[in-house]
Amino acid sequence: MKKYLLASAISIALTACGGSSDSSTAAPTPTPAPTPAPVAAQKNVIFFLGDGMGLTTMTAARIYSVGEDGDLTMDTLPESAFIKTFSNDAQVTDSAPSMSAYMTGVKMNNEVISMSQETKAVDPTKELTGNCGTANGKPVQTFLELAKAAGYGTGVVTTTRVTHATPAATYSHVCHRDAENDIAAQFVPGGTAFNSQLGDGVDVLLGGGRQFFQPVAAGGKRVDGRDLTAELKAKGYSYAGSKAEFDAIDPARTKKLVGLFTSSHMSYDLDRDATKEPSLSEMTLKAMRTLKQNGKGYFLMVEGGRIDHALHETTAKKALQDTVAFDTAIKAAIDEVKKTDPELKNTLIVVTADHDHTLVLNGYAARTGKSSAGNPGVLGLLRNYSDGQIAKDSDGMPFTIIGFGNGENRPAGDRKNFAALDDATVFANTYHQEAVVRVAAGSETHGGTDVFLGAIGNNADLFHGTMDNTNVFSLLRQASGI
């Protein structure tokens, strides 16, 4: 009886532990829960381009904004490089081939946008009839087109016309940058001349340049009668033509977005009416919040385009303020990304310029600190560091800290025959700094000096040393896996 009771106890204990008193019958093995497939991290690339933002302009903007000891956001990027900017046929590039080099990895001739190296610039009046003519090069694939083909979201933001050289180099292919009607047509999905490499179309486009999307009858410049804004709406794009319409668009509910806020370029930041035109920061954030709905990631190009225009005008105050607005957009983008990618492990942000200008900082100026209503700072007259007195040129006349190698404002003859400059005059928003070589109004030229590139985030350490602008394309691809 004791043996029976002991055997029964052992049997019960084995059963309770998942075993069995019968060695010939195995207990069922529980089926393990399936391991969830790893979710691929969203990869993002944001490419900031300060048009014409040479190193001297960056330095002057820093002093203007935060003083000699301060830092712009651009100054804090952990990786940096110097970029050679010459084009295929010129020592000094224009924006079309320099941005195209970044976006395609191909050197091309001045005025040509995202075409093969041998392509010649042609008469831009041949719009709508085949801009390149016959046997004149072929399109080369852009980074944006590659991103689109890989399933990424794509966006372009600028303060210039969206058909201007820098934004156009991301999504179009023409043999002259001034063929802006053709460039606009290449953007519209399904329309005549659409760039089919864009798939279902670029997801976000924000900036100026409405005139190239509207027919002549509506105040635009399209001689083919097409209303491209209407065509875009028919393709499912949300459209904003004003700041109010822009503000009303919810990026969480918008997959496709176009905003064209002015007929031509958007206003300089000094002149911008905030009730009518969004800032570069606002456009950047709206684009990012729209594009992040793409779970795979996105490529966004952001241009501070009017830096270049102010430098051509030799209105340095406008150029410096637009540089600061550009820098503010960079900070806004970094802060926005860090909300979901705190260490930027999945986001690469690159900041650079397409070329230099002839702006110079004359010496030997005393430190000025940042500019304010009561202190023109770097925009003021040059005062000697040794005694703080206003410096004089060989004619015994005062001159400014900032000048230009060439430009429209150069006194003809002895400067003693002209009124002496004062701080109030040279600190005005519209003051044109003096130049060494006189050229036509608005015709100050680009410079050929290397430009700065800064990077932060995923694979930012790939960017270092001195590089050709064409090398940036391959590094963008390597860093992003696109």
Side-chain angles (χ1 to χ4, degrees), residues 48-77 80-86 91-95 98 268-270 303-327 330 351-371 376-383 385 391 399-410 426-427 431-437 439 442-454 466 469:
F48 282 93
L49 192 289
D51 200 313
M53 189 185 68
L55 284 165
T56 315
T57 299
M58 285 180 61
T59 303
R62 178 196 307 132
I63 300 170
Y64 166 79
S65 178
V66 293
E68 290 88 348
D69 286 334
D71 287 316
L72 297 175
T73 299
M74 290 182 279
D75 298 320
T76 67
L77 301 177
S80 62
F82 294 110
I83 305 298
K84 301 176 183 178
T85 63
F86 64 92
Q91 186 178 89
V92 177
T93 188
D94 81 276
S95 296
S98 53
Y268 289 117
D269 199 59
L270 274 177
E303 182 198 21
R306 302 228 64 195
I307 301 168
D308 176 76
H309 297 163
L311 292 169
H312 280 303
E313 292 180 359
T314 60
T315 47
K317 189 173 183 179
K318 291 180 179 179
L320 302 191
Q321 180 59 40
D322 264 59
T323 303
V324 172
F326 176 67
D327 191 73
I330 296 167
V351 178
T352 191
D354 48 355
H355 54 75
D356 191 16
H357 272 268
T358 69
L359 183 146
V360 295
L361 293 177
N362 295 310
Y364 299 96
R367 287 173 55 158
T368 65
K370 67 179 183 179
S371 299
V378 72
L379 289 162
L381 297 179
L382 193 151
R383 289 169 169 80
Y385 74 92
F399 58 97
T400 54
I401 297 172
I402 291 179
F404 283 84
N406 60 66
E408 62 192 74
N409 182 17
R410 182 185 178 216
V426 301
F427 191 50
Y431 178 70
H432 299 265
Q433 275 70 23
E434 293 183 349
V436 176
V437 177
V439 296
S443 298
E444 180 272 346
T445 69
H446 296 172
T449 309
D450 294 353
V451 297
F452 166 83
L453 180 147
T466 297
N469 52 10

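Below, all heavy atoms of this structure are taken into account, side chains as well, without hydrogens, waters or symmetry copies. Since this is a predicted model, take the numbers as computed values, not measurements.
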**OP:** Check the pair Y268 / H309 against side chain to side chain contact (heavy atoms under 4.5 Å, CB included), numbers first and verdict last.
**Re:** CA-CA 9 Å; Y268 289 117; H309 297 163; 3.3 Å; yes
**OP:** Could you pull out the closest heavy-atom pair between V324 and S65, with the gap in Å?
**Re:** CG2-CB, 3.6 Å
**OP:** Search all heavy atoms of L320 against all heavy atoms of A61 and return the closest pair with its distance.
**Re:** CD2-N, 3.8 Å
Subject >> Criterion side-chain contact (heavy atoms from CB on, under 4.5 Å) against N406, the qualifying member of T445, T314, V436 >> reply: T445
Original post:
Atom CG of L72 and atom CZ of F326: how far apart are they, to the nearest 0.5 Å?
Top reply: 11.0 Å
Original post:
At their closest point, which heavy atom of H355 faces which heavy atom of D94, and how far apart are they?
Top reply: CD2-C, 4.3 Å
Original post:
Can F86 and V92 be said to form a side chain to side chain contact (heavy atoms under 4.5 Å, CB included), step by step?
Top reply: CA-CA 5 Å; F86 64 92; V92 177; over 6 Å; no
Original post:
Can you name the closest pair of heavy atoms from D356 and G54 and give their distance?
Top reply: OD1-CA, 3.1 Å
Subject >> Value rounded to 0.5 Å, distance of NE2 in H357 from CD1 in I307 >> reply: 9.5 Å
Original post:
Under 4.5 Å between any side-chain heavy atoms of N469 and K84, yes or no?
Top reply: no
Subject >> Flag side-chain contact, heavy atom, 4.5 Å: I83 against D450 >> reply: no
**OP:** Consider only side-chain N and O atoms of H432 and E313, and report whether a donor and an acceptor are under 3.5 Å apart.
**Re:** no
Original post:
Where do V426 and G380 come nearest, in terms of heavy atoms and distance?
Top reply: CG2-CA, 3.9 Å
Original post:
If you round to the nearest 0.5 Å, how far is CD of Q433 from CD1 of I401?
Top reply: 10.5 Å
**OP:** Measure from the side-chain N and O atoms of E434 to the backbone N and O of R410, and report whether any donor-acceptor pair falls under 3.5 Å.
**Re:** no
Subject >> Contact list for residues 49-70, test salt bridge (charged side-chain N to carboxylate O under 4.0 Å, His left out), sequence neighbours left out >> reply: R62-D75, D69-R367
Subject >> Distance (rounded to the nearest 0.5 Å) between N362 CG and L382 CG >> reply: 6.5 Å
Original post:
Between T315 and A310, is there a donor-acceptor pair closer than 3.5 Å when you use the side chain of the first and the backbone of the second?
Top reply: yes
Original post:
Okay, side chain of T59, backbone of L55: is any donor-acceptor separation there less than 3.5 Å?
Top reply: yes
**OP:** Starting from the C-alpha separation in whole Å, work towards a yes-or-no answer on side chain to side chain contact (heavy atoms under 4.5 Å, CB included) for I330 and M74.
**Re:** CA-CA 8 Å; I330 296 167; M74 290 182 279; 3.6 Å; yes
**OP:** Step through the shown structure and confirm whether more than 12 heavy atoms of other residues, nucleotides or ligands are within 6.0 Å of CZ on F82.
**Re:** no
**OP:** Assess whether side chain to side chain contact (heavy atoms under 4.5 Å, CB included) is satisfied between V351 and L453, documenting all intermediate values.
**Re:** CA-CA 6 Å; V351 178; L453 180 147; over 6 Å; no
Original post:
Under the salt bridge (Lys or Arg N to Asp or Glu O under 4.0 Å) test, which residues partner D269, sequence neighbours left out?
Top reply: R272
Original post:
If we only count heavy atoms from C-beta on, is the N409 to F404 side-chain gap below 4.5 Å?
Top reply: no
Subject >> Minimum heavy-atom distance between G407 and A435, given as atom pair plus value >> reply: N-CB, 3.2 Å
Original post:
Would a distance-only check, ignoring hydrogens and angles, find a side-chain to backbone donor-acceptor pair under 3.5 Å from Y64 to K370?
Top reply: no
Original post:
Should the pair K317 and Y431 be classed as cation-pi, given the thresholds of under 6.0 Å to the six-membered ring centre and 45° from the axis?
Top reply: no
Subject >> Polar contact flag, side-chain donor to acceptor under 3.5 angstrom, T76-D71 >> reply: no
Original post:
Will you find, in the side chains of D354 and H446, an N or O donor that is under 3.5 Å from an N or O acceptor?
Top reply: no
Original post:
Are a donor atom and an acceptor atom from the side chains of E444 and T358 found within less than 3.5 Å of each other?
Top reply: yes
Original post:
If you measure from CD1 on I402 to OG1 on T56, what distance do you get to the nearest 0.5 Å?
Top reply: 10.0 Å
**OP:** To the nearest 0.5 Å, tell me how far L381 CG sits from F399 CZ.
**Re:** 9.5 Å
